[in-house]
Amino acid sequence: MRLEELALKWALKNAVEHGGKALPGPVIAKMIGEDSGLRERIGEVKEAAMRAVERVNSMGLEEQRRLLGELAPELLEERRVEEEKKLPPLPGAEKGKVVTRLPPEPSGYMHVGHAMSGLLNYLYARMYEGRLWLRFEDTDPRKVKPEYYESFRKGYRWLGIEWDHEKNNSDDMELFYEYAERLIGMGKAYVCSCSVERVRELRRIGEECEHRGQDVETNLRLWEGMLSGRFREGEATLRLVGDMKHKNTTMRDPALFRIVEHPHPLTGTRYRVWPLYDFAVSIEDHLCGVTHVLRTSEFALRDELQNYIRSLLGMRNPIYVEYSRFEFRGTPVSKRKLRAIIESGLARSWDDPRFPTIEGLRRRGILPEAIREFTITQTGFTYAERIYDWSLLYAVNRKLLDPKARRLFFTPEPVKLRVRGFEGGEVEAPYHPENKELGSRRIRVGELYYVPGPDARAMRPGDLVRLKYLMNVRVLSVGEVVEAEFQGREPLRDVKIIQWVPVEDAVEVEVLVPGPLYLDEDEINPESLKVVKGFGESAVASVDVDEIVQFERFGFCRRDRGDKAVFIKAHD
Ligand SMILES: [Zn+2]
């Protein structure tokens with residue numbers, strides 16, 4: 001596709017999804033996403049995107065839809081309608097006016113909880129033809145790391161989430177300082193040099209410290225001292241004049257700024273006074289024009305504080321929409337718990353297939369569409385705590401994989417079977433019982449086969465067994481090798497059907513089978529990863545890295561990176 005046409009297509013798509021107005025940023029990203037070779041021609045790509053955006057934005061929405069339908073009908077998906085039917089309406093939402101945000105803290109890898117809440121924010125922005133921000137909440141220099149920013153961008157893209165604007169809270173430090181000074185000037189913030197322990201105690205018992213009574217001039221002078229380095233880390237904080245007896249303890253004169261003597265991955269050592277979460281979020285939600293904050297219940301107590309900060313500064317408050325937290329049975333999303341697993345040596349990396357990180361789920365063979373569908377169908381706006389069961393996500397994944405995954409033979413814990421009286425030759429077996437598009441393979445067959453250990457152990461002399469697609473055999477004796485004789489090729493009724501692998505062309509296969517990481521709250525499951533060894537048919541060697549196949553009577557498995565045929569079992 002020509003550059004101009006490519007730019008036009010994505011500009012149309014972007015516009016149609018956002019009430020008729022496209023932005024160059026997402027268009028450029030999409031163009032490069034479709035053709036990575038364009039990275040080399042980024043200058044031309046940008047120009048083409050700008051021209052296309054200008055042209056598209058001068059059209060009406062209907063015209064945009066029509067043109068997109070001609071140019072790339074597949075992008076005017078019905079999926080959108082299907083998805084939106086399932087989502088409850090957003091309270092107080094108006095078409096074209098909704099602004100939501102993805103607010104990740106880049107202090108760890110993206111996990112399934114981020115994915116689900118990100119999807120909700122994205123789907124609602126799109127449903128109301130609004131806008132979506134990606135905003136990194138990165139004002140804790142000790143916690144944030146460069147690689148985490150990219151982990152989120154990559155994860156959101158993988159899920160099909162497109163955002164319209166991107167920024168970091170750390171971009172706005174000067175602005176945060178201005179607002180802080182305004183609060184000090186209003187007598188609504190003061191510099192406190194009490195120890196952490198003293199502040200904690202006073203907040204607990206609801207008493208004020210002596211610094212609260214300082215006049216504005218003193219506070220401005222001390223604030224200047226914080227900024228200029230007269231105080232060291234831990235020696236002073238800027239606190240809000242709240243209410244030390246408030247029943248919501250977050251309102252008891254919380255710290256708004258503190259000193260952190262640690263370089264920030266993006267701003268280095270330029271700033272040493274950093275806003276705390278609630279202050280940064282209050283200001284940023286205002287700056288981004290966020291209309292709806294979709295959040296989980298554990299943040300509920302903070303709404304009051306954030307609303308109060310904004311009300312002091314004359315800013316409008318968003319509508320809060322609460323949904324239950326995304327907790328999964330047996331697999332904590334908590335960084336602390338996952339780190340404990342890595343430190344115990346049980347897992348080596350954050351993309352371990354037992355982990356609920358996006359990279360872990362991807363490696364396990366969970367499709368982004370499955371996470372999308374799961375989020376849409378399972379999320380209700382509710383205060384109720386609920387624990388999700390992984391089996392529900394697996395069921396959705398299985399439903400999506402079932403019609404398109406190739407079926408292959410893999411024999412775990414293999415045992416040899418010798419068939420007498422069979423002439424051998426070749427057999428053609430389809431890769432899928434219904435989906436003919438997946439084609440078939442020819443398997444060379446002879447006298448010796450591997451069959452699954454559990455099946456072999458259950459065999460008794462006289463049993464009739466069918467080797468799928470191939471023949472029926474009668475078991476003669478069971479030993480180290482199962483001896484059997486040929487009983488015809490036509491399928492028989494009520495005969496157990498098993499998979500098999502010709503010994504001559506067998507490929508060594510290893511399947512990692514992930515299980516739950518934790519047995520209960522704090523007890524690590526020592527057997528959370530099993531390794532199943534066996535043989536696969538020769539076609540297994542042709543499975544590409546990342547391809548997900550179904551090993552018959554075993555489960556859906558994704559081919560992992562590396563030269564050896566190593567697979568990871570997603571689920572049955
Ligand atoms: Zn104090």
Side-chain angles (χ1 to χ4, degrees), residues 105 137-144 169-170 172-264 267 269-284 286 298-315:
E105 187 187 34
E137 313 227 303
D138 60 347
T139 55
D140 189 344
R142 277 217 168 73
K143 278 163 83 184
V144 302
N169 286 0
S170 63
D172 287 329
M173 295 298 284
E174 306 291 339
L175 213 51
F176 292 143
Y177 293 164
E178 277 177 37
Y179 284 116
E181 274 153 43
R182 219 190 280 178
L183 287 179
I184 297 169
M186 292 160 67
K188 292 296 180 188
Y190 62 98
V191 175
C192 168
S193 51
C194 295
S195 68
V196 177
E197 295 74 31
R198 181 148 189 259
V199 170
R200 193 180 298 134
E201 179 59 12
L202 291 176
R203 290 186 76 189
R204 193 180 65 81
I205 61 174
E207 301 276 330
E208 296 167 4
C209 75
E210 61 274 22
H211 305 109
R212 199 191 213 246
Q214 284 158 183
D215 58 28
V216 169
E217 283 65 42
T218 308
N219 281 320
L220 282 173
R221 186 166 46 76
L222 292 170
W223 166 250
E224 204 45 56
M226 281 176 74
L227 294 176
S228 66
R230 194 143 28 94
F231 295 104
R232 303 302 307 267
E233 182 165 339
E235 287 180 354
T237 56
L238 184 73
R239 292 175 66 187
L240 179 74
V241 175
D243 175 355
M244 287 303 280
K245 297 206 183 312
H246 205 290
K247 60 180 191 319
N248 177 355
T249 50
T250 60
M251 294 296 289
R252 295 185 182 178
D253 291 19
L256 302 177
F257 286 82
R258 61 176 173 166
I259 297 164
V260 183
E261 289 170 332
H262 192 274
H264 187 280
T267 61
T269 53
R270 195 175 332 146
Y271 303 105
R272 59 196 305 280
V273 177
W274 289 90
L276 278 113
Y277 173 79
D278 289 297
F279 186 82
V281 167
S282 310
I283 304 298
E284 286 298 338
H286 162 76
E298 77 262 31
F299 292 99
L301 287 172
R302 309 200 157 269
D303 303 350
E304 188 171 9
L305 171 58
Q306 293 175 21
N307 283 346
Y308 181 64
I309 293 170
R310 273 188 296 260
S311 72
L312 289 173
L313 294 166
M315 299 167 176

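In each ligand, atom 1 is the first atom listed, and ligand 1 is the first ligand listed. Sequential numbering from 1 along the given sequence is applied to the chain's residues.
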Practice item. Taking all non-hydrogen atoms of both residues into account, name the closest pair between Lys245 and Glu207 and its distance. Key: NZ-OE2, 4.3 Å
**Study point:** Minimum-distance pair of heavy atoms, taken over all atoms of Met244 and Glu208
**Key:** CG-CG, 3.6 Å
Check your understanding: Which one of Tyr277, Trp223, Tyr271, Phe176 satisfies the ring pair (Phe, Tyr, Trp, His ring centres under 6.0 Å) criterion with Phe257?
Key ->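 Between Phe257 and the candidates, ring pair (Phe, Tyr, Trp, His ring centres under 6.0 Å) is satisfied uniquely by Trp223.
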Check your understanding: Are Asp138 and Ser170 close enough that a side-chain donor and a side-chain acceptor fall under 3.5 Å?
Key ->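 A donor-acceptor contact under 3.5 Å links the two side chains.
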**Study point:** salt bridge (Lys or Arg N to Asp or Glu O under 4.0 Å) assessment of Glu235 paired with Arg272
**Key:** CA-CA 13 Å; Glu235 287 180 354; Arg272 59 196 305 280; over 6 Å; no
Exercise for review: Sort and list the pairs that fulfil salt bridge (charged side-chain N to carboxylate O under 4.0 Å, His left out) and have at least one residue in residues 181-190, not counting sequence neighbours.
Suggested key: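 Checked against salt bridge (charged side-chain N to carboxylate O under 4.0 Å, His left out) - neighbours excluded - no pair reaches residues 181-190.
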Study note, to complete from the structure: Checked the Zn ion (ligand 1): protein N, O or S atoms closer than 2.8 Å come out as Cys192 SG, Cys194 SG, Cys209 SG, His211 ND1
